[in-house]
Structures are given as structure tokens and as C-alpha cells.
*Asks:* 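This is the structure I have questions about; it appears just below.
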Amino acid sequence: GFSANALTHKMLKLYREAGFDNASSHSGRRSFATNCIRNGVDIVSLKTLMNHSSIQQTSEYVATNEDMLKKAVMGV
């Protein structure tokens, strides 16, 4: 086993070795959440995948942009 802190340090090391100097374990989680939503995963399922206690918490990880918003309303 390993602690959350040990995993965080391992992720930082991996990101640095890959050339991502400003990345963190949370930036990886934010990218994962945003990509899931962009690919049609519903927020309730994403909440479970991210092991969050609320949809509000999950929504804070999802980034939106103008293209995503346009795509969302085009099907209405």
C-alpha cells in the first residue's frame, strides 16, 4: 500500500519527467473529469468514478468552454 501523499509525489515526478512542470495530481483529475463529460459520461456516473460525495464537488473539476456550451445547445 501507499499513502495519498506518496501517490501525489509520484504523480508530480511522473509529470515532471514527461515535461509537464506545472501539472499536479489534481490537474490530472480535472482533465479526466472534463474529458469524461465531453465524451458523454453523465455527471452522476462521473461523481461515482471520482469517488466524490456530491455532484457539486464533481462539477468543480469540470472545465467548460464556448465550444462545449455551443455543442450542448445545438441538440436542443
Side-chain angles (χ1 to χ4, degrees):
F2 52 85
S3 68
N5 191 40
L7 181 59
T8 298
H9 285 288
K10 180 64 173 173
M11 293 299 297
L12 286 172
K13 182 179 181 216
L14 290 171
Y15 281 131
R16 282 189 195 116
E17 289 173 355
F20 300 106
D21 293 326
N22 295 319
S24 69
S25 58
H26 270 82
S27 62
R29 286 176 62 82
R30 284 189 292 275
S31 293
F32 172 76
T34 299
N35 287 329
C36 282
I37 292 295
R38 284 182 182 163
N39 286 293
V41 175
D42 65 276
I43 192 95
V44 175
S45 297
L46 182 57
K47 173 191 154 298
T48 302
L49 289 169
M50 296 187 73
N51 198 31
H52 286 161
S53 59
S54 70
I55 289 173
Q56 175 64 34
Q57 183 181 13
T58 304
S59 70
E60 293 171 8
Y61 280 76
V62 178
T64 58
N65 61 39
E66 191 172 317
D67 289 337
M68 285 179 68
L69 297 173
K70 284 179 184 177
K71 185 178 176 183
V73 297
M74 293 305 290
V76 178

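Residue indices begin at 1 and follow the sequence shown. Just so it is clear, the structure is predicted and the values come from calculations on it, not from any experiment. Note: hydrogens, waters and symmetry copies are ignored here, and every other heavy atom, side chains too, is used.
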*Asks:* Under 6.0 Å from the CD atom of E66, do we count more than 12 heavy atoms belonging to anything else shown?
*Replies:* no
*Asks:* So do R30 and S24 actually touch side chain to side chain, heavy atoms under 4.5 Å?
*Replies:* yes
*Asks:* State the NZ-CG distance between K71 and N65, to the nearest 0.5 angstrom.
*Replies:* 11.0 Å
*Asks:* Out of curiosity, L49 CG to R29 CZ, how far, rounded to the nearest 0.5 Å?
*Replies:* 10.0 Å
*Asks:* Taking only distance into account, with no hydrogens and no angle test, what donor-acceptor pairs under 3.5 Å do side-chain atoms of residues 38-47 form with protein atoms, sequence neighbours excluded?
*Replies:*
{"from": "N39", "atom 1": "ND2", "to": "N35", "atom 2": "O", "distance (Å)": "2.7"}
{"from": "D42", "atom 1": "OD1", "to": "S45", "atom 2": "OG", "distance (Å)": "2.8"}
{"from": "D42", "atom 1": "OD2", "to": "V44", "atom 2": "N", "distance (Å)": "3.2"}
{"from": "D42", "atom 1": "OD2", "to": "S45", "atom 2": "N", "distance (Å)": "2.9"}
{"from": "D42", "atom 1": "OD2", "to": "S45", "atom 2": "OG", "distance (Å)": "3.3"}

*Asks:* Carefully, step by step, assess M68 and I37 under the rule side-chain contact (heavy atoms from CB on, under 4.5 Å).
*Replies:* CA-CA 10 Å; M68 285 179 68; I37 292 295; 4.2 Å; yes
*Asks:* If I take atom CG from residue D21 and atom OH from residue Y15, how far apart are they, to the nearest 0.5 angstrom?
*Replies:* 13.0 Å
*Asks:* Output the distance between atom CZ (R16) and atom CE (M11), rounded to the nearest 0.5 Å.
*Replies:* 12.0 Å
*Asks:* Does T34 use its side chain to pair, donor to acceptor, with the backbone of V62 at less than 3.5 Å?
*Replies:* no
*Asks:* Calculate, to the nearest 0.5 Å, the distance between atoms CZ and OG belonging to F20 and S27 respectively.
*Replies:* 9.5 Å
*Asks:* Take atom CG in N51; do more than 12 heavy atoms of anything else shown fall under 6.0 Å from it?
*Replies:* no
*Asks:* Students often mix this up, so state it plainly: with edges at 30° and 60°, are the rings of Y61 and H52 parallel, tilted or perpendicular?
*Replies:* tilted
